[in-house]
Protein chains: 2
Amino acid sequence: MPDLSPLFLIAAGGSMTTKEIAMVLLGLGVLLLVARLFGEAAQRLGQPSVLGELLAGVLLGPTLFGALFPGALETLFPSEGTVSAFYEGFFVLCITLFLLVAGLEVDLSMVWSQGKRALIVGLGGMIVPFAMGFGLGWFAPVLLGMEVGSDRFTFSLFIATALSISALPVIAKTLMDLNLYRSDIGMITVAAAIFNDLVGWIIFALILGMMAKQPEAMGNYGTEVVADEKLPIGWVIVLTLGFAGFMLTIGRMAIHRTLPFLQAHFTWPGSAIGLAMALALFGAAFTEYIGIHAIFGSFLVGVALGDSSHLKQKTRSILHEFISFIFAPLFFASVGLTVNFITNFDLLLTLVVLFIACVGKVLGCGISGRISGLGWRESWVLGFGLNARGTMEIILGLLALEAGLIGEELFVALVIMALVTSMMSGPVIQRLLKAPKPHRIVDLVTEKTFVADLYNRTREGVIQELSEAVAKATKNVEVEVVARAVCERESQMSTGVGQGIAVPHARIPNWGTPVVAMGVSRDGVDFDARDGKPAHLIFMIITDSEDNGAQLEVLADIGKSFGENSALRSEMFGAKNYVQMLALMKTANQEAGH
Amino acid sequence: MPDLSPLFLIAAGGSMTTKEIAMVLLGLGVLLLVARLFGEAAQRLGQPSVLGELLAGVLLGPTLFGALFPGALETLFPSEGTVSAFYEGFFVLCITLFLLVAGLEVDLSMVWSQGKRALIVGLGGMIVPFAMGFGLGWFAPVLLGMEVGSDRFTFSLFIATALSISALPVIAKTLMDLNLYRSDIGMITVAAAIFNDLVGWIIFALILGMMAKQPEAMGNYGTEVVADEKLPIGWVIVLTLGFAGFMLTIGRMAIHRTLPFLQAHFTWPGSAIGLAMALALFGAAFTEYIGIHAIFGSFLVGVALGDSSHLKQKTRSILHEFISFIFAPLFFASVGLTVNFITNFDLLLTLVVLFIACVGKVLGCGISGRISGLGWRESWVLGFGLNARGTMEIILGLLALEAGLIGEELFVALVIMALVTSMMSGPVIQRLLKAPKPHRIVDLVTEKTFVADLYNRTREGVIQELSEAVAKATKNVEVEVVARAVCERESQMSTGVGQGIAVPHARIPNWGTPVVAMGVSRDGVDFDARDGKPAHLIFMIITDSEDNGAQLEVLADIGKSFGENSALRSEMFGAKNYVQMLALMKTANQEAGH
């Protein structure tokens with residue numbers, strides 16, 4: 001075919017064989033499935049999902065699967081040829097889009113609303129670990145395994161930045177899980193993390209720009225080697241700061257003006273999603289071109305875009321869900337594939353990095369929190385909150401490894417440090433604040449305490465039936481004790497709350513953690529509700545006599561979940577078992593959340 | 001770094017230079033932006049968006065941009081090397097995911113509910129064009145430009161299939177636009193199209209399996225050439241039919257059982273999206289591996305998944321929006337990049353293909369519609385509805401081109417045929433049924449007839465003010481004529497309909513198309529509503545005396561858009577101009593639609 005058309009297209013015959021295409025699809029499928037499964041498992045253990053996603057890659061990569069079956073690994077994820085070229089581009093795309101979403105979550109107005117305090121903590125939380133990191137890099141480069149030929153100043157700057165950057169997504173998630181996101185201390189933490197993120201990334205972009213990066217030889221691909229002409233460092237700094245300044249001012253306003261126009265004249269959400277993606281790609285192309293990495297461009301586009309009040313919740317939600325659950329797991333799993341985490345593990349190095357990172361960050365934030373006028377306890381909460389490095393540290397380490405600035409041992413140490421600091425953040429804050437996790441109805445009703453079709457039709461009968469379920473699920477409790485306590489309470493005042501819901505309950509001495517039994521009655525049971533309707537959903541709540549809050553929390557959550565959602569109430573009749581009930585309840589919660 | 005780890009990862013230095021990565025990101029951004037813009041433009045002209053997306057690729061590719069600036073095209077979309085390898089894999093991924101969404105839209109229960117009639121039309125609508133296509137391919141292969149060395153039987157089978165396959169997504173969209181989707185004739189059309197799709201794709205898969213496809217030489221990539229061992233054709237047929245049978249029975253049920261489990265125990269919608277994507281990739285890998293194309297696997301996975309009532313609307317919506325608005329435009333634009341549509345354009349060939357395609361399909365469907373007991377008019381509607389080839393034909397042609405079965409001239413003719421049949425489908429049906437497009441409030445209120453902040457506070461004043469807006473937007477109408485007619489009607493019965501809405505209206509002789517003026521009153525105007533509340537949103541509706549339906553349609557649409565959406569009513573106060581009002585109304589419509 002004598003044609004000038006680009007031959008990369010599948011139409012033109014392409015250069016991948018059928019088997020290679022099949023392997024690409026299989027490889028992506030396996031990576032996605034395993035990463036999602038491990039991510040879910042991590043979340044169920046109360047850990048950030050990135051932990052599981054990375055572990056999935058470690059298991060699939062050279063550390064385990066590849067060590068056992070090197071041939072199979074090479075077939076699925078070959079190290080050269082067209083398939084590897086595809087993966088290279090694809091993972092750049094994944095991380096670029098992940099940073100778009102990370103940028104969307106940055107809420108600039110939050111920094112301003114927290115004002116001086118956020119700035120003090122943000123600065124203090126950077127300066128101390130930065131100084132410690134720089135000192136370590138400068139005076140002990142050999143301990144850290146600096147690559148031969150690297151510039152000590154650049155290397156020290158990198159270590160300094162790596163230790164001082166926080167992971168906003170992980171921090172936000174931890175605070176939400178603890179119900180602290182909208183509290184005072186939560187707001188300051190997030191505001192400081194946003195400040196930290198913005199400043200940290202710009203510094204890191206400058207470091208990348210400063211480094212002399214040699215273009216790869218490409219002889220084995222048959223194409224001509226064109227040397228990348230590097231921009232002088234002065235220009236890189238000017239362009240980086242200029243681009244950041246532009247996106248946060250003019251770019252931000254232009255986007256804010258464009259969105260209503262798109263939503264008025266074009267299809268929606270298609271047009272808004274398309275705009276977000278195209279701008280992210282352009283921003284990424286620009287920053288990649290000037291010699292810092294693609295992710296800075298898409299991150300700044302995300303910040304500018306997320307700031308617009310015209311960006312609708314549904315648009316955010318589609319971008320967030322698709323990218324966080326598809327592209328991000330694929331990327332973090334690919335990080336696990338990168339290196340052998342066992343042969344490159346250096347215990348001493350890992351401990352040193354972990355120690356300096358924690359001490360620098362917790363002290364820096366803690367002391368500056370105290371200076372800004374917070375109590376000691378709150379200051380430590382702030383310190384351990386901002387100590388979480390999670391996703392950001394991993395990305396940063398990967399870029400440094402790519403750039404030849406650090407070796408694989410230090411990369412592994414940084415990844416482990418990122419995961420450990422993220423994992424400890426939640427539990428330490430919980431202990432410091434003695435903040436118990438909120439009681440939610442989805443967690444409290446279990447397979448044993450759910451009765452899909454109540455047999456009894458009288459109030460006493462139903463209480464007896466649910467008491468049996470409670471006794472079955474709880475050790476050393478007699479059915480009669482529970483039933484009697486609930487009936488006694490019921491005789492004082494009936495517990496039908498209307499809309500077909502009843503909440504018989506009792507507080508029993510030395511009961512411990514709350515237990516909730518849930519029954520569905522097709523015919524309805526009279527619980528003497530004010531609206532006169534029979535109860536179809538009956539929740540029996542047993543709490544400890546000493547624990548006043550638990551009962552109220554559970555009652556409020558029942559009201560929120562079922563009272564405001566008539567569709568969910570009627571769907572419950574279709575639930576044939578515990579799993580179906582739980583699925584309905586969880587998906588309804590999510591729909592309401594958006 | 002002496003390591004066994006896959007070197008494709010960006011961490012390992014990779015083989016793409018910084019400039020190449022920047023070009024990939026830029027190329028994707030440009031392709032997405034231009035494709036989305038042209039797709040939107042096509043939709044505004046009442047055409048399927050694929051028309052615009054393909055045109056975007058034609059303009060960016062060798063036909064125009066490449067002909068003018070061959071060097072720039074080669075830089076952005078190079079024909080060999082790592083960048084082209086990335087694009088090749090990426091576009092396979094795009095089309096694989098597009099077919100997943102196309103599969104999700106297939107509603108098997110619809111075929112059963114339409115029963116015998118759908119089967120008769122589906123079969124008749126395939127057999128006639130299939131026979132005509134086969135005859136043409138067999139007796140006039142040279143006219144069609146069969147590639148030298150191709151097997152005449154396989155070639156004829158392909159032409160037969162190509163002419164007999166319909167495009168479900170385009171047909172569904174056309175029917176929705178005409179408000180016919182849920183009508184009797186609409187249901188039969190869609191059911192027949194689904195039947196057609198399933199059978200057509202399976203036949204085409206078998207054709208691909210039958211073809212002897214030689215592996216590409218890969219010498220210039222430096223990797224060893226391993227010949228693809230082709231499965232014997234008997235095995236391909238057994239595996240294809242076996243896989244289809246499996247996915248539509250056991251696979252379908254397994255998915256239906258798995259979804260509630262995921263939604264109960266895992267995060268949602270993340271887990272459902274992840275499952276859909278992973279299964280689509282596995283299915284695609286399997287079908288690609290056995291020698292038919294990746295898209296069949298993801299299509300069948302989509303059908304099996306879409307059939308489950310446990311797949312929530314939100315999950316469908318996220319997959320649909322992201323894939324239809326990102327991956328699909330990128331893919332169809334890439335089709336435009338593939339060949340030069342001017343040098344490969346053959347008028348005679350195109351006319352022959354177009355003629356045979358239309359005659360075969362319209363006659364086949366029309367006659368079998370009549371046999372099944374429909375009137376002639378309905379039968380022709382069916383014929384022209386199913387005549388739309390749109391997206392499916394383009395994909396089919398591309399695969400045949402890739403497989404070396406057809407030449408570029410025939411490919412161009414097929415693409416043009418697909419677009420022309422899709423474009424004529426809507427207008428012809430509209431004329432046949434004399435079905436006017438429904439009047440919708442979003443289309444009727446224009447920049448001239450929107451008053452963001454009403455100055456007057458009395459009923460008469462507001463009517464006067466809105467009459468002026470109506471007169472401004474309509475030629476040869478005096479303000480007084482409009483105002484008097486509306487006031488007269490108002491004096492018979494007040495038009496405050498409650499919830500802060502009023503709908504003053506009048507019918508005027510020889511008025512023509514309806515005009516609606518909309519005003520927002522911050523203080524509220526008394527329109528004597530039954531709930532006693534003042535009106536804040538006032539819609540003045542002027543229709544033709546002869547056109548009874550128009551007024552009712554507009555009134556019903558106002559009720560649906562605003563009556564049921566109190567959030568939207570209050571958001572309207574924030575609309576400072578027409579564009580902001582329109583953006584709010586359109587996004588609210590969309591939210592309600594899901």
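If you're wondering where the values come from, they're calculated on a predicted model, not measured in any experiment. Every chain is numbered from 1 and lettered A, B, ... according to where its sequence line falls, protein lines coming before strand lines.
- Here the straight-line distance linking atom CD of A:Glu321 with atom CD of B:Glu321 works out to 13.5 Å at 0.5 Å rounding.
- Between B:Leu279 and A:Leu33, the closest side-chain pair of non-hydrogen atoms is not below 4.5 Å.
- Note that the CD atom of A:Glu288 and the OG1 atom of B:Thr18 stand 5.0 Å from one another [nearest 0.5 Å].
- Listed here is the closest heavy atom pair of A:Ala285 and B:Ala22: CB-O, 3.5 Å.
- For A:Phe282, the CZ atom counts as densely surrounded, since its 6.0 Å shell holds more than 12 non-hydrogen atoms of other residues, nucleotides or ligands.
- Here the rule is side-chain contact (heavy atoms from CB on, under 4.5 Å) with A:Ile326, and of B:Ile273, B:Ile318, B:Leu319 only B:Ile273 fits it.
- Aromatic ring orientation, A:Phe322 versus B:Phe322: parallel (interplanar angle below 30°, classes split at 30° and 60°).
- To the nearest 0.5 angstrom, B:Phe327 atom CZ is 6.5 Å from A:Met277 atom CE.
- The two residues A:Met16 and B:Glu88 come nearest to each other via the heavy atoms N-OE2, 2.9 Å.
- Looking at B:Leu28, the atoms closer than 4.5 Å to chain A (heavy atoms on both sides) sit in the backbone and in the side chain alike.
- Both the backbone and the side chain of A:Val579 come within contact range of chain B, judged by heavy atoms closer than 4.5 Å.
- For the atom pair CZ of B:Phe90 and CG of A:Leu93, the computed distance is 5.5 Å after rounding to the nearest 0.5 Å.
- The two residues B:Leu25 and A:Leu281 make their nearest non-hydrogen contact at O-CB, 3.6 Å.
- Residue A:Leu262 holds its CG atom at 9.0 Å from CZ of B:Arg36, rounded to the nearest 0.5 Å.
- With hydrogens and angles ignored, the 3.5 Å screen pairs no side-chain donor or acceptor of A:Gln43 with any backbone N or O of B:Thr267.
- Each of B:Pro260, B:Gly27, B:Gly270, B:Ala278 has some count of heavy-atom pairs under 4.5 Å with chain A, and the biggest count is that of B:Gly270.
- For a residue to count as touching a neighbouring chain, one of its non-hydrogen atoms must lie under 4.5 Å from one of that chain's; by this rule B:Ser271 touches chain A with backbone and side chain alike.
- The two residues B:His265 and A:Arg44 make their nearest non-hydrogen contact at O-NH1, 2.9 Å.
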>> The test is side-chain contact (heavy atoms from CB on, under 4.5 Å); show your working for B:Leu26 and A:Phe286 and say whether it passes.
In response: CA-CA 8 Å; B:Leu26 182 64; A:Phe286 178 77; over 6 Å; no
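- With hydrogens and angles disregarded, no donor-acceptor distance shorter than 3.5 Å links the side chain of A:Gln263 to the backbone of B:Leu584.
- For B:Leu275, no part sits under 4.5 Å from any heavy atom of chain A, backbone or side chain.
- With values rounded to the nearest 0.5 angstrom, A:Phe86 atom CZ is found 11.0 Å from B:Phe91 atom CZ.
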